[in-house]
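Here is the structure we will look at.
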Amino acid sequence: LEIVQNWYGKDNVITAADLTILARTLVYENRYDDASALLQQSLAIKEATYGKVHPSIASTLNELGNVATKTQNYDAAIAYFTRMADICRTVYGEHHYWYATALSNIGSVYAAEKDWPRAEKQYRMVIPIYTEAQSATSTNTGIARVKLGRALLRQRRFAEAETETRAGYEILVTQMDPKVTFLVNARNDLVEEYRALKKPAEVAEFQALIAANAPEAKPTASR
């Protein structure tokens, strides 16, 4: 970032891109205030260069929304993701996967707030878009179906939940590492769903998968 700023200047979009990359690193370190400050700088540079509507601005809004969600600033997260969705709809149209991603992000905020009916509504909107724009077996489609399954599970609509969770799981299990969070969540949800549906064989199947993919315990240092 220092090299780029010295070469291109502090108000260049290349500088803005590196501000965003550094902010992502800070997010991994849980330094959310520092990350948000850099993202706001990046946003200001991009708006001054591109105006208010541009794909690059949507990308920064996505990062700001994620930070706001992690810090439980849900109103701000909804505002960022809604603006992101408006830009993506204007630039790409309503059948593009980036528009679906913005809508899905809004659903994730509702899920974080435990507003499961509104989360369900968002995920039902995005699944057809991902299916059309990418495919019925894309990872984005699979993730959205797992998320929809959880929204239904939390409303105790177990049969509907199992249909979505299992479908999403089957899409993702061949494309992701088995310890990826989406698959971990899906296995746990399926155990809960099958237990509610009184299907002990399926409960045992997914309990075994959970055990097989549990994190390995760190060895204890010898004295």
Side-chain angles (χ1 to χ4, degrees), residues 52-53 55 57-173 175-176 180-197:
K52 296 293 186 180
V53 178
I57 291 172
S59 178
T60 301
L61 291 167
N62 182 59
E63 302 293 340
L64 281 164
N66 288 333
V67 171
T69 303
K70 288 178 181 294
T71 55
Q72 299 182 2
N73 191 353
Y74 298 130
D75 289 343
I78 292 290
Y80 287 131
F81 289 139
T82 298
R83 186 179 169 201
M84 175 189 172
D86 291 341
I87 291 172
C88 291
R89 182 174 54 226
T90 299
V91 174
Y92 299 118
E94 294 185 352
H95 302 281
H96 195 275
Y97 74 94
W98 261 108
Y99 177 61
T101 297
L103 296 178
S104 180
N105 289 342
I106 294 171
S108 294
V109 179
Y110 290 142
E113 294 181 299
K114 302 190 186 317
D115 189 343
W116 300 112
R118 294 177 83 178
E120 175 193 349
K121 180 180 177 181
Q122 293 297 124
Y123 297 136
R124 288 195 185 280
M125 290 169 62
V126 305
I127 290 169
I129 302 174
Y130 279 138
T131 299
E132 178 186 352
Q134 296 181 311
S135 77
T137 57
S138 72
T139 55
N140 280 330
T141 303
I143 290 168
R145 295 194 74 172
V146 167
K147 289 182 175 181
L148 174 58
R150 173 161 288 191
L152 294 166
L153 170 61
R154 294 296 178 258
Q155 296 176 73
R156 303 183 63 80
R157 292 156 60 187
F158 300 114
E160 295 173 82
E162 185 275 336
T163 297
E164 295 300 328
T165 308
R166 188 65 185 258
Y169 178 84
E170 296 299 341
I171 291 169
L172 299 179
V173 74
Q175 302 181 60
M176 291 183 167
V180 167
T181 301
F182 296 116
L183 287 172
V184 172
N185 289 344
R187 291 188 200 100
N188 287 326
D189 288 352
L190 283 164
V191 167
E192 191 172 343
E193 288 154 9
Y194 285 128
R195 188 174 285 129
L197 294 170

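All figures in this text were calculated on a predicted structure; none of them were measured in a lab.
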request  = Could you verify whether a donor N or O on one side chain and an acceptor N or O on the other, from R150 and Y123, lie under 3.5 Å apart?
outcome  = no

message = Going by the rule ring pair (Phe, Tyr, Trp, His ring centres under 6.0 Å), which residues pair with Y74 if we only count those two or more places apart in sequence or in a different chain?
response = none

inquiry  = Between E164 (side chain only) and A151 (backbone N and O only), is there a donor and an acceptor less than 3.5 Å apart?
reply    = no

inquiry  = For the CZ atom on F182, are there more than 12 heavy atoms of other groups (residues, nucleotides or ligands in this structure) within a distance under 6.0 Å?
reply    = no

ask   = Looking only at heavy atoms, which two atoms of G93 and Y99 are closest? And how far apart?
value = O-CB, 3.8 Å

key: pair M84-I106: side-chain heavy atoms closer than 4.5 Å   = no

task = Compare all side-chain heavy atoms of L152 with those of T163 and state whether any distance is below 4.5 angstrom.
result = no

inquiry  = Show, in sequence, the C-alpha distance, side-chain angles and deciding distance for F81 and L61, and conclude whether the side-chain contact (heavy atoms from CB on, under 4.5 Å) test is met.
reply    = CA-CA 7 Å; F81 289 139; L61 291 167; over 6 Å; no

note = Tightest non-hydrogen contact, residues A77 and V109, listed as CB-CG2, 3.8 Å

Reported CG-to-CG distance for the pair D75 and N73, which is rounded to 0.5 angstrom = 7.0 Å

ask   = Is there a donor-acceptor contact under 3.5 Å from the side chain of T141 to the main chain of S135?
value = yes

query = Between R166 and L190, what is the shortest heavy-atom contact and its length?
reply = N-CD2, 3.9 Å

note = Correct closest heavy-atom pair for R83 and K52 would be NH2-O, 3.1 Å

note = Of N140, T101, L103, the one forming a side chain to side chain contact (heavy atoms under 4.5 Å, CB included) with I129 is L103

request  = Provide the closest heavy-atom pair for T165 versus A186 in the form atom of the first, atom of the second, distance.
outcome  = CG2-O, 3.7 Å

key: Separation between CZ of R154 and CG of D115, rounded to the nearest 0.5 Å   = 14.5 Å

inquiry  = So, taking the atom named CZ in F158 and the one named CG in L197, what distance separates them when rounded to the nearest 0.5 Å?
reply    = 7.5 Å

remark   = In this structure, OG1 of T71 is separated from CG of N66 (nearest 0.5 Å) by 10.5 Å

inquiry  = I need the single residue from L172, I171, V180 that forms a side chain to side chain contact (heavy atoms under 4.5 Å, CB included) with T139. Which is it?
reply    = L172

Reported OG1-to-NE2 distance for the pair T131 and H95, which is rounded to 0.5 angstrom = 13.0 Å

task = Assess whether side chain to side chain donor-acceptor pair (under 3.5 Å) is satisfied between Y130 and R145, documenting all intermediate values.
result = CA-CA 11 Å; Y130 279 138; R145 295 194 74 172; over 6 Å; no

task = For the residue pair W116 and L153, establish whether any side-chain heavy-atom pair is separated by less than 4.5 Å.
result = no

inquiry  = What verdict does the side-chain contact (heavy atoms from CB on, under 4.5 Å) test give for K147 and S108, after you've listed the backbone C-alpha separation in whole Å, the side-chain angles of each residue and the deciding distance to 0.1 Å?
reply    = CA-CA 8 Å; K147 289 182 175 181; S108 294; 3.2 Å; yes

message = Quick check for you: to the nearest 0.5 Å, what is the distance between Q155 atom CD and E160 atom CD?
response = 8.5 Å

task = Flag the pair V91 / W98 as yes when at least one side-chain heavy-atom distance between them is below 4.5 Å, and no otherwise.
result = no

key: Minimum heavy-atom distance A58-I87, with the two atoms named   = CB-CG2, 3.9 Å

